[in-house]
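Report on the structure given below.
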Amino acid sequence: MAEITTEKEKKEPIIEFGKTERKLIADPLNDNNPITVQVLGICSALAVTSLVYPSVVMSVAVIFVLGFSSLFTSLLRSYIPKQVRMIVQLVIIASLVTVVELTLKSVNYPIYKQLSVYIGLIITNCIVMGRLEAFAMANKPWRSFLDGIGNGLGYGAILIAVGTIREVFGKGSLFAGSPIELKIIGPSTDYWIDTVNNGWFSWYANNNLMVLPAAAMFIIGILIWIQRSYNTKLVDVS
Amino acid sequence: MGEFINIFIRAAFIENMVLAYFLGMCSYLAVSKTVNTAFGLGLAVIFVLGITMPINWVIQTFLLSESGIFGIDLTFLRFIIFIAVIASMVQLVEMVVEKVSPALYAALGIFLPLITVNCAILGGSLFMVSREYNFGESVAFGLGGGFGFFLAIIAIAAIREKIRYSNVPPALRGLGMAFIITGLMGIAFMSLMGIDPAALASGGN
C-alpha cells in the first residue's frame, strides 16, 4: 500500500498551485472558517486578543504549527498505526510547539511572558488536531500543508479582527507593545485625537468592557451574526 | 487546610477555567446542547483534572526540574511529557470506568477520549507550573478547576435548553447566541471577584 502511494506521487509534481490548492487556502477564510463555522480552536485564543500585537504573534505561531504538523503527519500517514495515531499526532504537535516556545522566549521575552501558558495551549488547540484528523491523515503532503496554512490564516483573521476592535475601543491605541505603536484617541497630546484639548471629542472615554475577557465573546458572537446574515447557508437550523 | 480551601474556591469561582480564562471552550460549546450530556462531561473533567494534576506535579518536581533525580534542567520536555501523561491517564480512566461501572461508561461515552484535547486539562497543569504550587495545592487546584468547569457547562446547557423556545434572530441562533451567553456569564462571574477566599477559609470576616 505504502509503495503504491509513493509511486503515484512521483508521477505528479510535488508542488503545484491549481484551483484545488487555491480553494484550500481561501475556503477557511470565510465559508469554512475554523472559529466561526467549525467552532474549533477558541480555547487558547480569546484571552490573548485584548491587544493586537499578541494576537498577531499568536496567529503566526498557530500558522507555523498548523502548517508543519499537517505536513509531517501527512508524510508519515501510511506508517502511523490507527490505534496510536492520537499519541503520534500529539507528539508531532508538542515538538513543534516546543520549538515555537523556545524561539519566542529567546527572540522576544516580554511577549513570551504576556502569552504565558497560551503558547503551550496550542497543543490542545482543537483546530490542529481537527485538521490532522480530518485532512492530513487522508491527503498528500503539499495539499495538507496548504490546508494547514489556510486554516491558520482563517484563525488569525478572526483573532486580529477581534484584537483590533478590543484595542482601539478599549485602550485607544493600536499595536501597543510593538515597535510601530499607534496612539489613536486618548486624554493627552501624545494621541492623534486628543480628548482633552479637542472640543469635538471631549465626551469620549475608553470602553472598559472591551478590556474584559467577556468582550471577546460578544465580538465573536456578533461576527458570527454578521457572517451568517450574509452567508445564509451557514445558519443553524436546530 | 485553609489555604487548600482558598485555592479550591479561587479556582472554581473567581478564576473559573471557562469563564475567566476561556479554557476548554471547544467541548464547552460542542457538548452543552442538553443538560444530561453536559453533566457527564463535567464529571469526567473533574475526574481527569483531579488525577492528572498531582501526577504532573510529581513528574515536574522529581523528573524535569533541575533538583530532580536526573540533576539537569529538562523542562523543555514539559509539553510532550504532560500531554503524554494526560493522554495515557484518559485511556486508563476509560478502561477502569468500563470495567468498574459500565453504566457510568455508557453515560460518559465519547466524552472521555475527547477530554485529552480539552485545553482546561493541559492548561491546568501549565498554570500549576507557572504558579509554583506544592503537591496539596495542585490537588486542590485540580479539583477546584474541574468543579468550576462542571458548574459552567451545566449552567450554559440549562440556559441553551430554555433559549430554544425564545425568538432569536435566525443568523444568531445556536452558536452566536452561545457565545453571547458565555460573555454575559463571564461578567456575572466577575462579580465574585470581590470575595476574599482567605477570609472565608479562616472563618473570620
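Throughout, a chain's letter reflects where its sequence line sits, starting with A, and its residues are numbered from 1.
A pairwise comparison of heavy atoms in Ala87(B) and Leu90(A) identifies CB-CD1, 4.3 Å as the closest pair. Nearest heavy-atom pair, Ala214(A) versus Gly183(B), reported as atom, atom and distance to 0.1 Å: CB-O, 3.3 Å.
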Going through the checks in order, is the side-chain contact (heavy atoms from CB on, under 4.5 Å) test met by Leu172(B) and Ile224(A)?
-> CA-CA 7 Å; Leu172(B) 199 55; Ile224(A) 291 176; 5.9 Å; no
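Interatomic distance, SG of Cys119(B) versus CD1 of Ile122(A), reported as 11.5 Å (0.5 Å rounding). Atoms CD1 and CZ, from Ile93(A) and Phe79(B) in turn, are 13.0 Å apart once rounded to the nearest 0.5 Å. The CD1 atom of Ile123(A) lies 5.5 Å from the CD1 atom of Ile83(B); values are rounded to the nearest 0.5 Å.
For CZ of Phe135(A), the number of neighbouring non-hydrogen atoms (other residues, nucleotides, ligands) closer than 6.0 Å is greater than 12. Within 6.0 Å of OH on Tyr133(B) lie more than 12 heavy atoms contributed by other residues, nucleotides or ligands. Applying the 6.0 Å contact sphere to CH2 of Trp225(A) captures no more than 12 heavy atoms from other residues, nucleotides or ligands.
Among the residues in residues 137-152 of chain B, none has a non-hydrogen atom closer than 4.5 angstrom to a non-hydrogen atom of chain A.
For Ile219(A), no part lies near chain B; criterion is any non-hydrogen pair under 4.5 Å.
Counting heavy atoms from C-beta on, the side chains of Leu209(A) and Ile187(B) come closer than 4.5 Å. Here the side chains of Ile180(B) and Met217(A) are not in contact, with every heavy-atom distance at 4.5 Å or above. Inter-residue side-chain proximity for Leu184(B) and Phe218(A) is flagged as met; some heavy-atom pair is nearer than 4.5 Å.
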